[in-house]
Amino acid sequence: QVQLVESGGGLVQAGGSLRLSCAASGGTLSSYVMGWFRQAPGKEREFVSAVRWSGGSIYYADSVKGRFTISRDNAKNTVYLQMNSLKPEDTAVYYCGYSSGSYVYRSPRNYDYWGQGTQVTVSS
């Protein structure tokens, strides 16, 4: 069982920045992927970014490329999402997910565990 605890959401004006954190604990494997997803009201959960823990390969959705940066702290089993140049359309609940194995899936169906979610609101 893996537990994920997120923090760092909030309200920010367009053009501002936020940093999300997701700490993992419990039975993490040697090979896994940590991903960030978001879900706006009335919409499906969508892929934002992911990092393969072993090797560090990083992936981004086109909509956030160049604005968001995913990083990790191996010692703390924590993944971060630095969000810059935020836009109103980035407003959503952001979730971190844990996927066993080394393949980086962009579908939330392939993630085994989820954090509680953190609200990000970007005002225009």
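Position 1 is the first residue of the sequence; numbering continues from there.
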For the residue pair [X] and [Y], what are the closest heavy atoms and their distance?
X: V12; Y: L18; answer: CG1-CD1, 4.0 Å
X: A14; Y: S124; answer: CB-CA, 4.3 Å
X: S17; Y: S85; answer: OG-N, 4.4 Å
X: R72; Y: G56; answer: NH2-CA, 3.4 Å
X: S21; Y: T78; answer: CB-CG2, 4.4 Å
X: A40; Y: A92; answer: N-CB, 3.8 Å

Is there a side-chain contact between [X] and [Y], using heavy atoms and a 4.5 Å cut-off?
X: R38; Y: S63; value: yes
X: M83; Y: V120; value: yes
X: V48; Y: Y60; value: no
X: R19; Y: Y80; value: yes
X: L81; Y: S49; value: yes
X: E46; Y: Q39; value: no
X: L4; Y: M34; value: yes
X: N77; Y: W53; value: yes

Walk me through it: do S100 and D112 pass the test side-chain hydrogen bond (donor to acceptor under 3.5 Å, both in side chains)? CA-CA 7 Å; S100 305; D112 308 297; 3.0 Å; yes
side-chain contact (heavy atoms from CB on, under 4.5 Å) between V79 and W36, intermediate numbers included: CA-CA 9 Å; V79 62; W36 286 100; 3.8 Å; yes
Who else is in the cluster with V93 when I, L, V, M, F, W and Y are joined by side-chain contacts under 4.5 Å?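 Noted: V93 shares its cluster with V33, F37, F47, Y59, Y95, Y103, V104, Y105, Y111, W114.
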Quick one: which residue pairs count as a disulfide bond (SG atoms under 2.5 Å apart) with a foot in residues 79-124, not counting sequence neighbours?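 Every disulfide bond (SG atoms under 2.5 Å apart) pair that includes a residue of residues 79-124, provided the two are not neighbours, is C22-C96.
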Spell out, as yes or no, whether a donor-acceptor pair under 3.5 Å connects the side chain of Q82 to the backbone of F68.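 Not confirmed, Q82 side chain does not pair with F68 backbone.
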Between CG of N84 and CZ of R67, what distance do you get to the nearest 0.5 Å?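 The distance works out to 9.0 Å.
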Establish whether I58 and Y94 are linked, either directly or via other cluster members, by ILVMFWY side-chain heavy-atom contacts under 4.5 Å.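 Yes: a chain of side-chain contacts under 4.5 Å links I58 to Y94.
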Would you kindly confirm whether L86 and L11 end up in one hydrophobic cluster when ILVMFWY residues are joined by side chain heavy atoms under 4.5 Å apart?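 In one cluster with L86: L11, no.
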Would you say the side-chain atoms of T91 and E89 include a donor-acceptor pair closer than 3.5 Å?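 No, no side-chain donor-acceptor pair sits under 3.5 Å.
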For the pair D90 and K87, evaluate salt bridge (charged side-chain N to carboxylate O under 4.0 Å, His left out) and give the outcome as yes or no after the intermediate values. CA-CA 5 Å; D90 294 318; K87 306 175 181 180; over 6 Å; no
